[in-house]
Amino acid sequence: MPLLEVRHLVKEFSRRRGIFGATSVVKAVDDVSFTVERGETFGLVGESGSGKTTTGRCILRLIEPSSGDVVFDGKDVLTLSRGELRRARRDMQIVFQDPYSSLNPRMRVGDIVEEPLVIHRLGSKAERRARVRELFDLVGLNPDHLERHPHEFSGGQRQRIGLARALALNPSFIIADEPVSALDVSVQAQVVNLLMDLQQRLTLTYLFIAHDLRLVEHICSRVAVMYLGKIVEMGETARLFATPQHPYTRALLSAIPVPDPDAPRQRIVLDPNSFNRAAPLREIAAGHYAAT
Amino acid sequence: MSDIAGRGARDAGREGPGARDAGREGRGARDAGREARVGVAPSAPRTPDPAPRLLSVEGLNTVFDLRGGTAPAVIDVSFHVNAGETLCLVGESGSGKSVTALSILRLVQRPGRIASGSVLFNGRDLLTVSEREMQHVRGAEIALIFQEPMTALNPVFTIGDQIEETLIVHGEARGRAARERAIELLGAVSIPEPDRRVRDYPHQLSGGLRQRALIAMALACKPSVLIADEPTTALDVTIQAQILDLLRDLKKRFGLALLLITHDLGVVAEMADRVAVMYAGRIVEEAPVRELFQNPRHPYTQGLLASIPGGARGSRLAAIQGTVPPLGHLPPGCPFAPRCPRRFEPCDTAVPGVTVIEDRGARPEARKTESRTSDLGPRTSDLGHTTRCYLYSPAVEPEVLPEAPMKKSR
């Protein structure tokens, strides 16, 4: 049984043109289905507006989806009551893109990491403090810096704080929404290594949302490509990168700048009319799906 | 200390084009190089410069006057860009690359100020001309485009108005002619239906179209130099590809000199003719693009290239340890020393000077014969491959060099 199963997820936003205009409905997530196996890193890639972040937030019900099912560890997340949802969220956490805006600047970082334990009423004060020190150690931060404020840390360190907070409740599943894209190049690799180390040590499952295809290719076992709210292609990373089938995937992969001055460049420009947007995903080879 | 050394070096560099030619020959053959060293002397015959520099930054120092003292943001930076050439300035946030761009146009805001150096453009030093003349240079001769097109455009005017304003201010055109020219420019940057789009407000355009509109505005007065500061960082990868194609095309069509500031080595590989790598305010390595990717010398450049995801899936990335030192807290020696896997004795004592890497492909172990002289100063950018690192400095005795060179994973 997969750890996470998303079935026919839809999220509609209504938008009104002008003050008196008619409302129109935008499907930010349009009938998205995929599964994430225990212990794997599943990549969700796409450009801005493709619905990848909205999909991630719907899974945690940080945004309420319009319809569909999200089954996590055998439980249907979308039918849980508030109390049940809170308990379920112990097991599923999120790390945000921007470590500058996702940490409360007025709180000490020790308190930021401790907060989930307080909210879930876990342990005594002393036990919680001990757990926070342990978490700091786990993510490679100095436990002597618990009393400092977020502004005293660099971007990479802040992302480690965000990660420590996400790990506080010992979750099995983490949604990492662009976790390194706001970081300096030389620091990105450190955080990526940390994510991979933690996955091994704590047997974590990741839903890795990113636009950096090179990074996704490196760390994800399977990947789904989103375009305008739909998954247009999904499959094992190696296979999908080697033999992309959907015109959008091909255009996307051909647009990545290759860090080699001698690499041949053959840009494929996407013609939005060259494919049927309503085409359903179908299995074109074992485990490789494309909406063509 | 480094400042004094820098100044001395700059003076040495002013000795004339002879020094530059010396470097050129030196690159070709080692023996010629040895002779050429003699040529560095002030009495060297003046030879005509084969590739006239359009824009040349020499010994630039920009500092920020903070409460705690003066913090250097750009330290002894020298480079040049020729017409029709792309120089990529690579660095992380805080490396001083954007401040360098702003310094060229004298747009550094207080508490920042340009402390010393020169910016030679069309036979003038832009750091000494009047503010009035500078206003003409900005936009009409050297144009600048920013990372975030939404903040660079005024939301309450149409993009047509904003392009026309540029034309009117610089006396290029007015009235109907200005509108027509605006439409023409929007067409030149491949905005579809330019005659309709010219009436759009910035919020009506997508990110990619906004960046195109900004490029159109930058090109309005036919500048000869375009400085693009992270022009594609805020854009999606497919849009980035289009903007890069457009910049390359415009460079060719208008013979622009392009100074492209980026942190993305993929973009560098695609766009650059030459690359200058900045770290903590200094250029630590400069080389033609192929040379830089094939034979990176500075451990920082090597680390950057090695940390690009690649290799077996799930394998650890070769990360550079530590973080960039904050402005005003530079270590006493080489600013990269605290993070450097190949740090050795001299690194913590003083900032290394500029060393010319002569023999391409040779390994640093053989550096005694291949590298020549330190502190060549500003004219180094014609010398091919240069770096600021004691590993290649002839001033360092070989027996004190650290043994194992860092393995390149790429």
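So that the names make sense, note that chain A is the first sequence line, chain B the second, and so on, each numbered from 1. None of these values were measured; they are calculated from a predicted model.
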Enquirer: Within this structure, what is the CG-OG distance for the pair B:Leu235 and A:Ser48, rounded to the nearest 0.5 Å?
Expert: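 The OG atom of A:Ser48 is 8.5 Å from CG of B:Leu235, to the nearest 0.5 Å.
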Enquirer: According to salt bridge (charged side-chain N to carboxylate O under 4.0 Å, His left out), who are the partners of A:Arg239, at least two apart in sequence or on a separate chain?
Expert: none
Enquirer: Pick one of side chain, backbone, both or neither for B:Val268, based on which atoms fall under 4.5 Å of a heavy atom in chain A.
Expert: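 When you check distances to chain A, no heavy atom of B:Val268 falls under 4.5 Å.
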Enquirer: Answer yes or no: are there more than 12 heavy-atom neighbours, outside B:Arg253 itself, under 6.0 Å from its atom CZ?
Expert: yes
Enquirer: I need the contact set between residues 181-197 of chain A and chain B: heavy-atom distance under 4.5 Å, sorted by residue number.
Expert: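 The stretch touches chain B at A:Asp184, A:Val185, A:Ser186, A:Val187, A:Ala189, A:Gln190, A:Val192, A:Asn193, A:Met196, A:Asp197.
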Enquirer: Where does B:Gln240 contact chain A at under 4.5 Å (heavy atoms): side chain, backbone, both or neither?
Expert: side chain
Enquirer: Within the 4.5 Å heavy-atom criterion, are A:His218 and B:Leu317 side-chain neighbours or not?
Expert: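 Yes, at least one pair of side-chain atoms sits under 4.5 Å.
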Enquirer: Verify, without hydrogens or angle tests, whether A:Glu47 (side chain) and B:Thr238 (backbone) share a donor-acceptor contact under 3.5 angstrom.
Expert: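 Such a contact is found between A:Glu47 side chain and B:Thr238 backbone.
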Enquirer: Who wins among A:Cys220, A:Ser221, A:Ser254, A:Ser154 for the most heavy-atom pairs under 4.5 Å with chain B?
Expert: A:Cys220
Enquirer: Decide salt bridge (Lys or Arg N to Asp or Glu O under 4.0 Å) for B:Asp264 and A:Arg214; before the verdict, give the C-alpha distance in whole Å, the side-chain angles of both, and the deciding distance to 0.1 Å.
Expert: CA-CA 12 Å; B:Asp264 186 331; A:Arg214 249 181 274 149; 3.7 Å; yes
Enquirer: Sort A:Ala263 into side chain, backbone, both or neither according to what part of it lies under 4.5 angstrom from a heavy atom of chain B.
Expert: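 For A:Ala263, there is no contact with chain B at all, as no heavy atom is under 4.5 Å.
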Enquirer: Taking side chain as C-beta onward, heavy atoms only, is B:Glu270 less than 4.5 Å from A:Val258?
Expert: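 Side chain of B:Glu270 against side chain of A:Val258, heavy atoms only: no contact under 4.5 Å found.
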Enquirer: Assess whether a salt bridge exists between B:Arg313 and A:Glu236, defined as any Lys/Arg side-chain N lying under 4.0 Å from an Asp/Glu carboxylate O.
Expert: no
Enquirer: Between B:Thr233 and chain A, which part of the residue has a heavy atom less than 4.5 Å away: side chain, backbone, both or neither?
Expert: neither
Enquirer: Name the option with the most non-hydrogen atom pairs under 4.5 Å to chain B; the candidates are A:Leu252, A:Thr237, A:Asp262.
Expert: A:Asp262
Enquirer: List the atom of A:Ala255, the atom of B:Val237, and the distance in Å for their closest heavy-atom pair.
Expert: O-CG2, 3.5 Å
Enquirer: With a 4.5 angstrom heavy-atom cut-off, which part of B:Ala272 approaches chain A: side chain, backbone, both or neither?
Expert: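 For B:Ala272, there is no contact with chain A at all, as no heavy atom is under 4.5 Å.
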Enquirer: Heavy atoms only, distances under 4.5 angstrom: which of A:Leu213, A:Thr41, A:Leu215, A:Asp212 has the most pairs with chain B? Name it, please.
Expert: A:Leu215
Enquirer: What residue in A:Ala251, A:Ala238, A:Gly156 has the most heavy-atom pairs under 4.5 Å with chain B?
Expert: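 Looking at each option in turn, the highest pair count goes to A:Ala238.
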Enquirer: Using a cut-off of 6.0 Å, state whether more than 12 heavy atoms not belonging to A:His151 lie near its atom NE2.
Expert: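 Yes.
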